[in-house]
Every structure is written in structure tokens, then in C-alpha cells.
Amino acid sequence: QVQLVESGGGLVHAGGSLRLSCAASRGTFSNYPMGWFRQAPGKEREFVSSIGPSGANTGYADSVTGRFTISRDNAKNTVYLQMNSLKPEDTAIYYCAARVSRFWTNTPSSYDYWGPGTQVTVSS
């Protein structure tokens with residue numbers, strides 16, 4: 001059973017930056033693709049970014065490409081999401097997730113373990 005805990009959320013002005021972290025415990029972190037998803041009030045949970053087990057393969061939603069960067073440190077059992085040039089529409093609860101598979105996907109239902117989320121608020 002993998003346990004995930006996100007941190008690094010907060011309130012930032014438009015154009016600012018935040019770095020989210022997701023620490024994993026239990027399970028073999030280096031075996032799992034990891035994903036970041038977000039959910040704004042009244043909206044469905046949506047894909048933000050994912051990374052393969054080794055970190056070599058990554059994917060991004062069109063809305064964040066060029067602004068967000070996903071990375072992982074398998075020695076620290078941690079995945080990161082560097083968010084730059086933040087916009088008010090990035091405001092949401094951000095969740096990290098782990099998938100018991102070899103490959104990442106952009107589908108929330110494909111992920112097996114989830115963290116409780118961290119709030120990101122971007123003011124205009």
C-alpha cells in the first residue's frame with residue numbers, strides 16, 4: 001500500500017512560481033509511474049503531468065506545457081512539479097498519484113494510489 005503526501009501549495013500572484021512535492025512511503029516508489037492531477041471547484045479532476053518510473057519519459061497537458069516541469073528523485077521517494085508563470089486558471093487542488101504499471105497515462109481512473117491534495121491559489 002503506497003502512501004502519498006503532497007506539499008508546497010499556497011497562494012501566489014499571477015506570474016509567480018510554486019514547487020509542489022509528493023513524498024511516497026511504502027511500496028517500491030521507483031517502480032511506479034507518477035502523475036499530477038488537479039481539480040478546480042465544480043470541475044472534474046484533470047491531468048496535469050506524468051512521469052515514468054525512471055524519469056526518462058514525461059507528459060504534460062497542453063494547458064501547462066512550457067510552464068510546468070515534472071521530475072522525480074527515486075532516492076528520496078519524491079516527485080516534484082515545478083510550476084512557473086502561474087495563471088488564475090491554475091487555481092485548484094493538486095493531487096499526486098501512483099500507478100501500479102510500467103507506463104504512465106493521463107487518465108485519473110488508471111492510477112491506484114492518491115494523496116490528499118494540496119491547494120494552489122493564483123490571484124490575478
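Values reported hereafter were calculated over all heavy atoms of this structure, with side chains retained and with hydrogens, waters and symmetry mates removed. Sequential numbering from 1 along the given sequence is applied to the chain's residues.
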Problem set entry | Audit row: D90, M83, side chain to side chain contact (heavy atoms under 4.5 Å, CB included) steps and yes/no | CA-CA 10 Å; D90 294 318; M83 306 187 295; over 6 Å; no
Exercise. How far apart are the C-alpha atoms of Y111 and W104, what are their side-chain angles, what is the distance that settles it, and do they pass the side chain to side chain contact (heavy atoms under 4.5 Å, CB included) test?
Worked result: CA-CA 9 Å; Y111 285 76; W104 65 263; 3.8 Å; yes
Exercise. Can you list the steps and then say if Y95 with Q39 is a side chain to side chain contact (heavy atoms under 4.5 Å, CB included)?
Worked result: CA-CA 8 Å; Y95 301 89; Q39 188 165 17; 4.1 Å; yes
Problem set entry | Verdict with supporting geometry, V64 and R38, side chain to side chain contact (heavy atoms under 4.5 Å, CB included) | CA-CA 12 Å; V64 306; R38 67 187 182 187; 4.0 Å; yes
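The hydrophobic cluster containing V48 also contains I51, counting ILVMFWY residues as joined when their side-chain heavy atoms lie under 4.5 angstrom apart, directly or transitively. Criterion: ILVMFWY side-chain heavy atoms under 4.5 Å apart, direct or through other members. Under it, L11 and L18 are not part of a common hydrophobic cluster. L81 and W114 are members of different hydrophobic clusters when ILVMFWY side chains are connected at heavy-atom separations under 4.5 Å.
Taking the ring axis of Y113 as reference, the NZ or CZ atom of R26 does not stay both within 45° of it and closer than 6.0 Å to the ring centre.
Classified by interplanar angle (parallel below 30°, tilted 30° to 60°, perpendicular above 60°), the ring pair F47/F37 is perpendicular.
Using a 4.5 Å heavy-atom cutoff, the side chains of N84 and S17 are in contact. Between E6 and Y94, every side-chain heavy-atom pair lies at or beyond the 4.5 Å cut-off. You'll find the side chain of F103 stays beyond 4.5 Å of the side chain of N57, heavy atoms only. Counting heavy atoms from C-beta on, the side chains of Y60 and N106 never come closer than 4.5 Å. You'll find the side chain of T91 reaches within 4.5 Å of the side chain of Q119, heavy atoms only.
Distance alone, capped at 3.5 Å, is enough to place a donor-acceptor pair between the R72 side chain and the G52 backbone. Between the side chain of S85 and the backbone N or O of G15 there is no donor-acceptor pair closer than 3.5 Å. Looking only at distances, no side-chain donor or acceptor of T78 sits under 3.5 Å from a matching main-chain atom of D73.
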